[in-house]
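For the numbers below, each heavy atom of this structure counts, side chains included, while hydrogens, waters and symmetry mates do not. Note that the structure is a prediction, hence the values are computed from the model and not measured.
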Amino acid sequence: MKTLALTFVTFCALMSLAYAGPETLSSGKEMKQVVPAPCPEWYGSHEWTVSIWGAYAFPADSDRNDIDAIGANHEDTEGADDMEDNIGRLGHDQFLNEDSAFGGGGDFKYFFSKYFGIGVEGYFLDARNSVGAVLGTLTFRYPIGCSHWAPYIFGGAGAAWGGSHDLVAEDEEFDTFFARKVNDSDAVFIGQIGGGLEYRVTRHVGIMADFTWNFTDHTDGDFGMVRSGLTFGF
């Protein structure tokens with residue numbers, strides 16, 4: 001009888017353990033949520049930048065008439081000034097006075113936010129004369145996410161100098177053309193719009209390339225310019 005009772009108690013105890021299941025252990029520590037690292041700041045607010053670049057420029061209308069094609073003798077003669085009724089400007093481009101020109105320049109900007117900056121730029125071009133310009137600029141750039149890339153657009157206004165044009169005059173008595181280059185000594189207004197792309201290799205060093213269209217107050221004096229170089233950010 002005692003054996004039967006002991007067996008019954010043991011059976012009930014085992015059934016109770018089986019029903020309860022294994023004990024859940026708690027470490028008492030809360031799980032920590034993993035926070036992703038912030039994007040690196042390739043472009044910053046209150047940033048100064050200095051860029052240096054090479055440039056290639058071309059006039060809006062490069063279809064310059066060839067002096068040789070009309071039989072001009074290329075003489076730098078004062079005779080052309082005495083025939084005002086027959087004087088005309090040769091070709092269409094009245095500023096660069098060249099089909100293409102190489103040069104270089106630089107700009108200095110302050111970005112008061114990550115996106116907007118003001119600055120000043122200057123450049124020289126080896127055109128028919130040595131052409132130069134200084135402009136104030138306003139830039140909007142847009143850094144793309146966590147990437148190194150930032151497209152930008154900009155505009156500016158200032159003064160340019162060194163433009164030239166060709167004059168041609170006909171001596172009706174001898175049926176001869178006289179032609180000479182005329183230098184524009186006065187500075188002219190210049191406006192500029194453009195856009196480009198910058199890639200930051202490091203936080204402080206980048207590579208840039210852009211295109212600008214330049215407007216002068218010369219008749220037929222507009223020209224385009226392609227630029228590429230380095231940018232240093234501080």
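Residue pairs that meet the salt bridge (Lys or Arg N to Asp or Glu O under 4.0 Å) test with at least one member in residues 147-163, sequence neighbours left out, do not exist here. Pairs engaging residues 188-234 under the disulfide bond (SG atoms under 2.5 Å apart) rule: none recorded [sequence neighbours left out]. For residues 203-234, the set of pairs meeting the disulfide bond (SG atoms under 2.5 Å apart) definition, not counting sequence neighbours, is empty. Pairs of residues two or more places apart, or lying in two chains, never qualify as salt bridge (Lys or Arg N to Asp or Glu O under 4.0 Å) while including a residue from residues 151-160.
If you take CD1 on Ile153 and CD1 on Ile193, they are separated by 10.0 Å, rounding to the nearest 0.5 Å. Distance check: Arg200 CZ to Ser147 OG gives 12.0 Å after rounding to the nearest 0.5 Å. To the nearest 0.5 angstrom, Tyr123 atom OH is 4.0 Å from Asn214 atom CG.
Side-chain contacts under 4.5 Å among hydrophobic residues (ILVMFWY), followed directly or transitively, place Phe189 with no other residue at all.
Residues Thr137 and Asp107 fail the side-chain proximity criterion, which asks for heavy atoms closer than 4.5 Å. Considering only heavy atoms from C-beta on, Phe111 comes within 4.5 Å of Thr139 through its side chain. Counting heavy atoms from C-beta outward, Phe154 and Gln192 have side chains that approach closer than 4.5 Å.
Hydrophobic cluster membership differs between Phe211 and Ile207, with clusters built from Ile, Leu, Val, Met, Phe, Trp and Tyr side chains linked at under 4.5 angstrom. Hydrophobic cluster membership is shared by Tyr115 and Leu197, with clusters built from Ile, Leu, Val, Met, Phe, Trp and Tyr side chains linked at under 4.5 angstrom.
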Inset, instruction - Start with the C-alpha gap between Phe95 and Ile190, add the side-chain angles, then the distance that decides, and say whether side chain to side chain contact (heavy atoms under 4.5 Å, CB included) holds. - result: CA-CA 11 Å; Phe95 188 70; Ile190 186 169; 5.5 Å; no
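Every ring-ring contact (aromatic ring centres under 6.0 Å, His included) that Phe140 has, sequence neighbours left out, goes to Phe116. Residues satisfying the ring-ring contact (aromatic ring centres under 6.0 Å, His included) criterion with Tyr199, sequence neighbours excluded, are His148, Trp149. Partners of Tyr110 under the ring-ring contact (aromatic ring centres under 6.0 Å, His included) rule, at least two apart in sequence or in another chain, are Trp48. For Lys114, the side-chain hydrogen bond (donor to acceptor under 3.5 Å, both in side chains) test picks out no residue, with sequence neighbours left out. Applying the ring-ring contact (aromatic ring centres under 6.0 Å, His included) rule to Phe58 yields no partners; only residues at least two apart in sequence or on another chain are considered.
By the neighbour-count criterion of 12 heavy atoms within 6.0 Å, atom CZ of Phe215 is densely surrounded, having more than that number from other residues, nucleotides or ligands. Shown here is Ile118, whose CD1 atom has no more than 12 heavy atoms of other residues, nucleotides or ligands within 6.0 Å.
Across Tyr43 and Ala150, no two heavy atoms sit closer than the pair CZ-CB, 3.5 Å.
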For a quick test of your reading: what N or O donor-acceptor pairs under 3.5 Å do the side chains of residues 35-42 make, sequence neighbours left out?
residue, atom, partner, partner atom, Å
Trp42, NE1, Cys146, O, 3.4

Throw together a table of side-chain donor-acceptor distances under 3.5 angstrom for residues 221-234, partners on residues two or more places apart or in other chains.
residue, atom, partner, partner atom, Å
Asp222, OD1, Thr216, N, 3.2
Arg227, NE, Asp210, OD1, 2.8
Arg227, NH1, Glu121, OE1, 3.2
Arg227, NH1, Glu121, OE2, 3.1
Arg227, NH2, Asp210, OD2, 3.1
Thr231, OG1, Ser51, OG, 2.8

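Salt bridge absent: Lys109 and Glu198 never bring a charged side-chain N and a carboxylate O closer than 4.0 Å.
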